[in-house]
Every structure is written in structure tokens, then in C-alpha cells.
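A short write-up of the structure that comes next.
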Protein chains: 2
Amino acid sequence: MLTKKQYELLMFINERLKETGVSPSFDEMKEALNLKSKSGIHRLITALEERGFVKRMAHRARALDIVKLPETMAPSLKKTARPMTSRVPRPSNDDRSVPIAVMGRIAAGTPIEALQDETHHISIPIELMRSGEHFALEVHGDSMIDAGILDGDTAIIQRGDTADNGEIVVALVEGHEATLKRLRRKGEMIALEAANPAYETRIFRSEQIRVQGRLVGLIRKY
Amino acid sequence: MLTKKQYELLMFINERLKETGVSPSFDEMKEALNLKSKSGIHRLITALEERGFVKRMAHRARALDIVKLPETMAPSLKKTARPMTSRVPRPSNDDRSVPIAVMGRIAAGTPIEALQDETHHISIPIELMRSGEHFALEVHGDSMIDAGILDGDTAIIQRGDTADNGEIVVALVEGHEATLKRLRRKGEMIALEAANPAYETRIFRSEQIRVQGRLVGLIRKY
DNA sequence: AAAAAAGTTATCGATTCGTTCTCATTTGTA
DNA sequence: TACAAATGAGAACGAATCGATAACTTTTTT
């Protein structure tokens with residue numbers, strides 16, 4: 001996968017990154033490889049980036065980051081650099097993500113208890129987060145299919161007891177049934193709309209409904 | 001990934017956050033780095049934010065938060081930092097997520113160039129990853145709406161040139177048009193099906209189509 | 001409401017740094 | 001051998017970094 005020079009350079013960058021936390025400049029890399037010109041370094045970096053070993057921000061000074069290291073590495077060298085068994089890029093600690101709890105499944109008719117035990121955790125991109133507390137639910141059934149929410153999707157919910165008209169919410173009906181539906185207020189009444197013609201809209205008095213949170217994100221795995 | 005100065009400042013912020021729980025003001029940082037002006041600090045902070053090491057709230061006093069630290073840090077230093085400026089849970093260096101490049105938008109008719117520039121990055125849950133290289137695309141248009149893929153969704157693509165029958169793929173048609181469609185083989189012919197009755201299935205000879213990758217995940221932000 | 005503190009923006013100049021191009025050379029391989 | 005790919009050198013260019021001043025605006029405190 002890598003040529004000698006590419007490998008050599010990658011190792012040097014890795015070392016410098018480990019030791020100093022600062023990536024080397026092109027000139028420093030040039031020195032390290034005993035070159036007299038940095039154009040070669042530029043080509044090597046481009047090659048390393050193409051092959052997915054390195055990440056860089058164009059035109060930024062010392063903005064290099066190692067994404068993965070070759071599998072052929074001696075284990076002794078590897079230990080400093082977080083080994084990865086497959087070709088999956090090493091999860092760098094570049095994570096702009098946040099772990100949140102998955103609280104079970106939800107569908108029309110899910111009993112309240114199902115929302116209480118955390119089954120596991122999932123990391124979600126920080127871009128999906130709003131303020132406050134979040135949790136996740138696995139969507140069960142096809143009642144929101146016309147809103148692009150499919151069976152098996154993971155819904156990211158911002159916990160809270162308010163929601164704007166037309167938002168998709170997790171609502172607790174009469175204290176015992178949690179459901180994911182679009183919420184509409186009509187005076188003192190609240191309508192919970194499914195996004196599937198096969199389900200009918202249910203209408204309640206305000207006090208029958210408790211909003212648990214609003215849908216802010218969705219994650220699907222194929 | 002970082003410049004000397006950026007690294008130095010990040011370390012100082014981390015220390016202060018760890019010791020006092022309050023982020024330093026620009027003036028304090030200026031002093032710490034022996035500068036006579038805080039404009040430099042502002043630039044450094046901006047750079048750190050751009051590189052994903054720090055988060056801040058504009059115009060808020062001492063509203064800095066460390067998102068991650070470079071890998072060089074001894075674990076002992078890493079652990080105790082406990083910033084408290086934001087209500088968003090602190091991202092952990094859990095290795096539960098992986099940053100991947102967003103390569104632009106895709107729709108029927110996206111020219112090939114649109115797939116070449118990285119617009120930004122997004123961290124995706126490691127659960128969505130398969131083996132090999134991945135990238136992300138912003139979906140444009142409603143041609144896959146019946147597959148639960150809406151305008152504005154982010155599609156996670158596993159790069160590769162093969163796909164099973166019925167999978168949703170990024171396909172390059174006649175070398176110039178990238179599109180996200182369901183792929184079906186019928187003998188020597190390949191059909192690209194939209195998931196929207198308003199669009200018709202297009203049929204090509206095998207050699208007209210190049211598969212770029214298959215859809216393995218989806219992220220939506222409401 | 002006024003004062004103080006804190007963050008933002010603009011500009012200048014000296015450096016450092018990354019990018020691009022061309023041409024020559026070496027290396028690997030069909 | 002011949003061809004392609006990788007490498008080395010050099011230079012020129014433009015962009016980014018950094019320190020320093022100063023004049024803002026927005027928050028926070030008094």
C-alpha cells in the first residue's frame with residue numbers, strides 16, 4: 001500500500017505528533033528525510049492522504065493528522081498509536097460526538113416502562129445535539145413512514161415537556177402509553193398524527209398528554 | 001494538527017479548566033503566553049475551534065470548552081478536566097465514533113466534480129461503519145423519498161465498486177453524473193430505480209455505470 | 001444607568017508555511 | 001529494453017501565522 005518514502009514519512013509524522021503534539025512543518029519533514037526541497041514532501045503527503053493514512057486541512061500550517069497506520073507495523077511501534085485490526089480508519093479522538101443512552105423501543109402502544117431502561121449507548125454526531133438532555137429510541141413499526149422514519153431507525157430525542165405545533169414528539173398518553181407522533185394543538189385539544197394513512201389521528205384533551213421530548217435527529221443503519 | 005502556539009494555548013486552557021473549573025479570559029490567556037495583545041489569542045482560539053479541539057459560545061465570557069486533546073497527552077492530564085460552561089454532555093474520547101468527510105451534495109444529475117471536494121466533516125457512530133473507506137453526501141431532492149431518504153439527509157457511503165442487487169448505491173452514469181439510486185441487475189443491463197413514482201427507472205448497459213459506493217447509513221437533523 | 005470586563009474585528013509588517021511548476025534522476029516492472 | 005511511476009531539486013508565489021495597536025460591541029458587574 002505504501003512506498004518506502006511514504007512509510008518513512010508517515011512514521012516520522014506519527015512520532016512527532018506523539019512526542020510534541022505539534023505536527024511538523026514541510027520544512028521539518030524535508031530535513032527529517034534528508035531532502036533539500038519540500039516539493040517532494042508535498043507529493044508524499046498527497047499520496048498518504050489519497051490512501052487514507054493522513055488527514056490535512058489545505059493551506060493550514062501544521063494541520064496534519066494521522067488517520068491510521070499500516071497494518072504491517074511492528075506491534076511495538078503500534079502500541080503508541082492505537083492499533084486497528086481492520087481497514088476501518090482508526091477512530092481518532094477527533095470525535096465531535098456525544099454518547100447518549102438508548103432507552104428502548106418506541107411505537108404506538110409502547111408501555112411506559114420500556115422507556116426506562118437503558119439498553120445501550122450510541123455516539124451521535126455533535127451536530128445533532130441541541131441543548132439539554134438527550135436520549136435515543138429505536139423506532140418500531142411503520143406509523144411514521146411518510147415522514148421518512150422507518151422501522152428500526154434510531155430517533156434522537158431532546159428531553160423536554162414542550163413542543164411547537166407540527167413537531168414530532170415522544171408523547172405519553174394517559175400516563176401509560178408512549179408514542180412517536182406529530183403533535184398539533186387545536187385550542188384545548190391535542191392531536192397526535194401518524195405519518196401513515198393506515199393510522200388515524202387521535203385527539204386528546206391537553207391533560208391527557210405529556211410530552212416527553214421532541215425529535216431532533218435520526219440515525220439509520222442499512 | 002496543531003501549531004506550537006495553538007498547542008501551548010490549549011494546554012493552558014486545559015490546565016486552568018482542570019484547576020479552577022473556570023475558563024480563562026482572553027486577557028489571562030494573553031498574560032500566560034506572554035503576549036501584549038489579546039487579538040492573537042482570539043486567532044488562536046479560532047484556529048483551535050476550526051480544528052475541533054475547542055468549543056465556544058460567541059460573545060460569552062469565559063465560555064470555552066475543551067472538546068478533545070491531542071493524543072500526546074498523558075492520560076493523567078487528560079482525565080480530570082471538567083469544564084462546565086455548557087449543558088451539552090461532554091464528548092468523551094470513547095472511540096465510539098469516526099470522523100468522515102462530507103463530499104458535497106448528491107441528486108440525480110449531480111456532476112462528478114461535486115463529489116470531489118470535501119465540504120466539511122461529520123462524526124458518525126461507529127455502529128454505522130463497515131470495513132474500508134467511507135464518505136458522506138448530503139442528499140438533495142426527493143427522488144428517494146419512498147425509501148425514507150429526505151431532502152437534506154446525510155447519506156453515509158461505503159466506497160467500493162460493487163453492490164448487491166437491490167442495494168442503494170451512488171452510481172456514476174456515463175462518467176459524468178452521480179446519482180443515488182437503488183440498483184438492480186437484469187442480465188447485462190443495470191436499472192437505477194428512484195424511490196418516488198414521479199421519477200422513472202432508467203436502464204443502462206453495465207459498462208455505462210460505475211458504482212462508487214453503497215449506502216450504509218443515514219443521518220438526519222431536524 | 002454607568003462602569004468595568006470580556007470578546008470581536010481591522011490593520012500592519014515580519015516570518016513561516018504550503019502549493020505549484022518544471023526538469024532531471026532513479027526505481028520498479030512489463 | 002522501454003515505459004511508467006516515484007523521487008529529488010529548485011524556485012517562485014501566495015496564503016497563513018503571529019505579535020502588536022487600537023477601536024470597536026456585547027456582557028457582566030457595580
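Since the model is a prediction, treat every value here as computed from it, not as a measurement. Naming: A, B, ... by sequence-line order, numbering from 1 per chain.
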Glu50(B) with Arg43(B): basic N within carboxylate O range, under 4.0 Å | no

Looking at the side chain of Arg62(B), which of dT7(D), dT27(D), dG7(C) is the nearest nucleotide?
-> dG7(C)

Atom NZ of Lys36(A) and atom P of dA11(D): how far apart are they, to the nearest Å?
-> 12 Å

Test Leu44(B) against every option in Leu9(B), Leu2(B), Thr3(B) by the side-chain contact (heavy atoms from CB on, under 4.5 Å) rule and name the one that passes.
-> Leu9(B)

Rounded to whole angstroms, how far apart are CD on Glu28(B) and P on dA5(C)?
-> 12 Å

Quickly work out the Lys30(A) NZ to dT20(C) P distance and round it to whole Å.
-> 18 Å

Distance, rounded to the nearest Å, where Met29(A) contributes CE and dT19(C) contributes C1' = 13 Å

Counting only heavy atoms not in Glu174(B), do more than 12 sit closer than 6.0 Å to its CD atom?
-> yes

When you get a sec, tell me which of dT19(C), dT8(C), dT7(D) is the closest nucleotide to the side chain of His59(B)?
-> dT8(C)

Would you say dT7(D) has OP1 or OP2 under 4.0 Å from some side-chain N or O of Thr3(A)?
-> yes

Lys38(B) NZ to dT25(D) C1': how many Å, rounded?
-> 11 Å

Between dT17(D) (C1') and Met57(A) (CE): distance, integer Å = 14 Å

Between the base of dG10(D) and the side chain of Ser37(A), is there any donor-acceptor pair under 3.5 Å?
-> yes

Spell out yes or no: do the side chain of Ser39(A) and the base of dG10(D) have one donor N/O and one acceptor N/O closer than 3.5 Å?
-> yes

Could you please name the option among dG18(C), dT8(C), dT17(D) that lies closest to any side-chain atom of Phe26(A)?
-> dG18(C)

Quick one: His42(B) NE2 to dT11(C) P, roughly how many Å, whole number?
-> 15 Å

Enter the distance from Lys221(A):NZ to Leu215(B):CG here, rounded to the nearest 0.5 Å.
-> 13.0 Å

Salt-bridge contact Arg202(B)-Glu193(B) (side-chain N to carboxylate O under 4.0 Å) | no

Does Lys5(A) put a side-chain nitrogen or oxygen below 4.0 Å from OP1 or OP2 of dG8(D)?
-> yes

Glu167(A)/Arg182(A) salt bridge by N-O under 4.0 Å criterion | no

Atom pair distance, as rounded to whole Å: CD1 in Ile45(A) and P in dA6(D) = 16 Å

Any Arg56(B) side-chain N or O less than 4.0 Å from OP1/OP2 of dT8(C) = yes

Using a cut-off of 4.0 Å on non-hydrogen atoms, how would the nucleic acid contact of Ala58(B) be classed: base, sugar-phosphate, or nothing?
-> sugar-phosphate

Between dC18(D), dT8(C), dT17(D), which nucleotide gets closest to the side-chain atoms of Leu44(B)?
-> dC18(D)

Give the nucleotide from the list dT9(C), dT7(D), dC17(C) with an atom nearest to the side chain of Arg43(A).
-> dT7(D)

Can you tell me if the side-chain N/O atoms of Lys4(A) get under 4.0 Å from OP1 or OP2 in dA6(D)?
-> no

In terms of the nearest nucleotide of DNA chain D, which residue is placed more toward the 5' end: Asn34(A) or Leu35(B)?
-> Asn34(A)

